Amino acid sequence: MFRIALKDLFARKRRLVTTGIAVVLGIAFLTGTQLLSVTLSDSIKSLVGDVYSGFDSVVRSPRTQETPFGQPIRTLVPDSLVDEVAGVDGVRAAAGVVESPGPQVVGDDGKVLGGGFGPPTLVYNWIDDDALRIGVLRDGRAPGADTEVVIDFRTAETLGKQLGDQVDIATTQDGVRAYTLVGISGLGDDGSQSTGARPLLFTTAEAQRLVNQPDQFNYVVAGATDGETQDQLAGRLSQALPEWQVLTGAAFTAESQEQISQFVGILEIFVSVFGWVALFVAIFIIYNTFSIIITQRTRETALLRAVGATRRQVVVATLVEAVVVGLIAAVLGLLAGLALAALLLVLLSGFFTIASTTPGLTPGVVLLAVGIGVGVTVLSAVIPAIRSSKIPPVAAIGEVSLDRSGISTSRKVWGALLIIGGIALIGTGLAQVGPNPLFQVGGGAVAILISVAVILGPLLAAPVSRVLSAPFAAGGRVAGRLAGENAARSPKRTAATAAALTIGVTLVTLIAVVASSIKASADDAINQSVRADFVVATASLTSFGAIPPGSAEAIRDTPGVAEVSPVRFTLLRLLDPVGVAEASSTPTTTVPAGQLGAPPDAPVGQDDFALGIDPATWFDVVDAGELQGSPADLVAGTMAVDRKYASDRGWRLGDRIPVYFVATGVQQIEVAVIYDQPLGQAGIWLPLSTFEPNTLPLFNVDNQIFVTTEPGADTAQVQRDLDARFADLPTVQVQDLQEYVESQTGPINVFLGIVYGLLGLAIVIALIGIANTLSLSVLERTRELGLLRAVGMTQRQLKRTIRIEAGIIAIFGTLMGLVIGILFAIALTVAIAADNPGVLQFRLPVVQLLVIVVVAAGAGVVAALLPARRAARMDVLEAVSST
Amino acid sequence: MSTSTDPTATTGAAGALEAVKVYGEGDTEVRALDGVSVSFDRGRFTAIMGPSGSGKSTLMHCLAGLDRLSSGRVFIGDTFLDELNDARLTELRRDKVGFVFQAFNLIPTLSAAENITLPMDLAGRKPDQGWMDQIIGIVGLADRLSHRPSELSGGQQQRVAVARALASRPEIVFADEPTGNLDSRSGQEVLGFMRYAVSDLGQTIVMVTHDPNAAAYADRVVFLADGRIVDQMDQPNAERIIDSMKRLGS
Ligand SMILES: Nc1ncnc2c1ncn2[C@@H]1O[C@H](COP(=O)(O)OP(=O)(O)O)[C@@H](O)[C@H]1O
Ligand SMILES: [Mg+2]
């Protein structure tokens with residue numbers, strides 16, 4: 001029995017490949033990302049270990065603020081702390097460290113190096129003690145003057161700069177400024193390694209000035225005297241300095257490694273989602289292929305049953321076949337995953353030092369691949385296998401029959417249950433009822449997608465196929481007519497084939513619709529509420545805080561400019577009852593062993609963004625709608641709040657709200673103004689008089705400057721003047737309102753690009769499925785196609801017929817995906833809008849959706865090329881005389 | 001009477017000249033046709049008979065442009081098929097030839113009416129409605145036209161097949177054991193219809209059969225054995241055919 005199954009399998013090698021390819025791709029993605037992330041986080045961990053290897057102890061502030069970017073913000077320490085640390089027993093040397101983003105390196109083309117993306121550019125101060133300094137000096141000397149800089153070898157190579165050359169650096173304080181390159185550094189014992197980040201080393205005074213923190217450090221490091229262990233030193237320090245947090249060097253390194261691992265972990269989850277999507281799609285394809293094969297083998301199976309094979313043997317034979325397909329696919333997928341990981345590692349090694357570009361294969365990954373490969377294949381083949389065992393022996397003498405059975409009652413029941421269950425899950429998930437809303441929404445979506453393949457699809461396949469074929473069949477054209485009928489003849493097969501495509505299209509549609517809704521809402525919000533004609537903004541998210549002080553005053557002097565209002569932004573933590581209740585779900589970073597002294601002092605609360613505004617001018621550059629209270633009330637210790645935001649939290653005018661600032665701790669902030677029309681950024685606006693004293697220097701810089709022009713002013717001329725003013729600052733852009741809208745929604749496009757690319761994979765897999773089904777169908781219809789050719793169908797007409805059939809299946813799958821995707825998107829926007837009215841409005845990206853349909857249909861036709869060619873090349877006589 | 005040198009060969013509706021068809025090579029070589037020259041007159045109903053394996057189907061396939069000869073020539077009307085490429089051959093089958101196979105004659109997804117007009121639809125031509133009505137009336141399918149093949153009996157299916165073969169008024173209709181799968185009554189209906197198509201509608205039909213009763217419907221019977229024409233008979237009847245078959249020792 002096994003021999004029969006295997007012989008049959010290898011007799012159809014091509015089918016083996018097409019069936020398995022979906023699994024291969026899925027596994028390649030899953031294992032590839034796993035292998036990549038393992039190697040990547042190993043490399044990064046060893047590099048981070050190198051960065052801080054000379055630290056025996058770190059003394060820092062216990063006061064932090066979580067950020068959405070992974071790393072918390074921490075309050076600075078005064079430079080007096082360096083001497084206090086140095087005075088403690090066991091300390092060989094102590095130094096204050098400046099470690100902050102801010103300035104950017106500018107290339108010869110006048111643009112920011114790296115375009116503001118990728119690993120950060122960080123400012124450090126030069127520390128004379130070799131063990132306490134970050135990096136090794138490879139060449140040259142320490143910066144001796146405030147106009148000198150040491151940069152890492154990789155940045156020097158990229159810039160093509162030698163010692164003695166001038167390096168342009170865009171600073172917040174005085175625009176682009178040239179520094180003399182006096183030294184080149186690197187990580188590791190010999191300075192040959194790089195984390196990808198760009199460390200810039202300045203004199204301590206210059207470093208502090210550049211990042212706007214005079215006389216302050218980010219933390220203080222200490223080296224131990226001989227014989228003193230890290231633990232001993234940390235113990236001594238925490239006793240001497242109880243108000244500060246003390247870490248051993250090892251703990252400090254572990255903490256940084258942990259943060260990076262978390263980031264790599266998120267990346268891994270993000271990418272493996274696509275592996276899972278591919279596998280989910282694969283299930284449909286394998287199920288479909290096995291179903292078709294088993295139907296086609298009806299006679300053979302019946303004969304086996306007639307000569308004495310038991311039902312069990314029939315099932316087992318099919319499952320053995322599935323196991324073999326799964327195994328082969330798993331091995332190929334693993335190899336492809338290795339190749340993928342290796343390729344990505346080679347690409348990444350251009351950015352930072354990677355220990356080895358050969359991904360290390362772990363037994364865990366091999367098990368994962370084999371387990372999933374075999375599991376998915378066998379799971380998909382179970383139902384067809386059971387069905388095959390129900391073939392009665394008498395079928396051996398009957399005519400080979402197609403599976404044209406209707407949709408059974410049990411199928412209908414299951415399908416209906418899945419739909420209802422799915423809707424219920426999504427509903428409760430979106431309404432935040434139940435244990436795990438995210439999981440509920442995901443599970444509900446999967447249930448609905450399966451029900452589409454199981455019941456909705458088969459019900460719709462025949463009528464929709466006929467409707468879709470109508471334009472091709474118009475005027476009695478047979479190819480179109482036959483194609484429509486062929487797609488309609490076995491609705492279950494057509495539906496299952498189309499379902500694979502439906503999944504990909506559903507996801508793409510959902511994301512496209514939600515993204516366009518977000519964009520449209522942002523667009524509307526900005527257009528409605530921003531009165532400014534221009535916004536002076538930083539060029540990218542990472543060149544954060546790059547508008548030099550004094551810019552607002554300078555802009556005000558530009559002819560034609562009416563009003564100028566700068567905006568800053570920061571993070572704060574709300575400690576009101578709602579904030580405290582919400583906070584329970586916010587994760588806190590783990591405290592590693594080796595951390596002593598004052599514990600983290602941030603109270604439990606909800607993190608949110610806040611804007612810093614100038615109340616005197618702000619309400620002239622934005623239209624905040626009706627105001628309760630007056631801008632004049634916005635004095636130190638007060639804030640303005642969005643009406644909806646306030647009412648959700650039960651805040652009223654005059655209420656004093658406890659707010660935690662990382663720089664100053666808990667403050668009571670009074671609600672002085674409630675405004676009606678949100679700007680779409682942050683619900684809380686702090687007047688600069690509240691903002692400045694409570695915010696770290698890093699954030700105490702203008703992030704955007706809103707500019708209005710005088711009535712009748714030549715706006716084009718104003719823009720030229722403003723452009724000229726910031727011409728030498730590549731980190732700053734002068735945007736008109738449209739450009740501003742685009743820059744606000746720009747990150748969505750980047751995200752969309754990645755998602756589309758990866759979902760394209762799901763669609764490619766679906767197309768392989770269509771090709772597979774068509775090949776099998778063509779084989780099955782040999783006799784019929786032969787007859788058509790005999791009575792005069794040309795090869796071209798035959799190919800056309802098969803192409804149209806593929807197109808119909810593809811469009812059917814795409815349309816289902818479109819409808820479901822749009823429904824999902826509606827559900828999502830409704831849920832979001834229920835929480836935040838006016839924040840998100842539903843907007844269909846019609847053009848994009850049309851493109852999706854056309855691309856999917858076109859791709860379906862491409863999928864038909866091979867089966868069509870094979871069908872056309874078929875020998876007519878053989879086909880006619882085949883049974 | 002020798003048919004192999006018939007000088008009027010090219011004047012028939014279709015025919016073969018010194019047709020040879022060899023399958024396989026060396027030891028396994030089979031000469032399915034071994035120098036067949038035959039011509040089928042216009043407006044006549046010809047039956048091809050012979051023992052199993054004698055080359056009847058091969059001859060018919062080659063005549064109909066479904067297969068190619070190893071040597072020799074076949075023609076339909078004034079066209080020699082050996083000179084045509086696949087596309088032209090397909091067009092010729094579509095426009096000049098009608099087919100009836102033993103079984104599986106119809107496209108399951110198309111209605112009876114659509115099956116009948118299929119060759120013309122493929123050619124993008126409008127069927128001649130008067131002619132269509134006439135044929136459909138005779139085969140007695142007027143009330144079955146919208147049915148799918150699976151909803152028709154075997155006899156009805158074969159009648160639809162014959163109607164399709166005749167629908168485009170082809171030069172010639174080939175039928176390979178069209179009644180082989182039918183009970184005798186249904187078979188007679190189909191044969192009667194073919195007879196009528198020749199006698200009253202002026203069609204030309206060539207039919208392969210091994211049933212003497214079926215062959216008796218024909219105007220002429222050609223006997224094949226081992227890939228050669230061994231005998232022929234005009235105005236046959238079942239008894240004479242059986243006699244002849246006995247004489248040929250099959
Ligand atoms: N495709 C083929 N390959 C090899 N031999 C064949 C093929 N088709 C027919 N033959 C052989 O050619 C001879 C004639 O076959 P056929 O024309 O089908 O006979 P008939 O229809 O009279 O029974 C037989 O010996 C048959 O085995
Ligand atoms: Mg035969």
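Computed from a predicted structure; not experimentally measured.
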Chain B contact via Val876(A) - side chain, backbone, both or neither, heavy atoms under 4.5 Å: side chain

Any side-chain donor near an acceptor of the partner, Asn105(B) and Gln157(B), under 3.5 Å: no

Heavy-atom donor-acceptor pair, Lys56(B) side chain to Pro51(B) backbone, under 3.5 Å: yes

Any donor-acceptor pair under 3.5 Å from Asp121(B) side chain to Val478(A) backbone: no

Residue-level contacts of residues 81-99 of chain B with chain A, using a heavy-atom cutoff under 4.5 Å: Asp86(B), Thr90(B), Arg93(B), Arg94(B), Phe99(B)

Side-chain donor-acceptor pair present, Ser70(B), Arg31(B), cut-off under 3.5 Å: no

Most contacts with chain A, counted as non-hydrogen pairs under 4.5 angstrom, among Leu106(B), Leu118(B), Thr117(B): Leu118(B)

Side chains of Asn181(B) and Gln102(B), donor plus acceptor under 3.5 Å: yes

Between CG on residue Leu141(B) and CD1 on residue Ile136(B), distance to nearest 0.5 Å: 7.5 Å

Gln797(A), part contacting chain B, at a heavy-atom distance under 4.5 Å: side chain

Nearest-0.5 Å distance that lies between atom CD1 in Ile205(B) and atom CD1 in Ile172(B): 9.5 Å

Exercise: do Asn288(A) and Thr773(A) side chains pair donor with acceptor under 3.5 Å: yes

Residue part contacting chain B, namely of Arg789(A), when any heavy atom lies under 4.5 Å: both

Pairs of heavy atoms under 4.5 Å with chain A: top-ranked of Lys126(B), Glu114(B), Met120(B): Glu114(B)

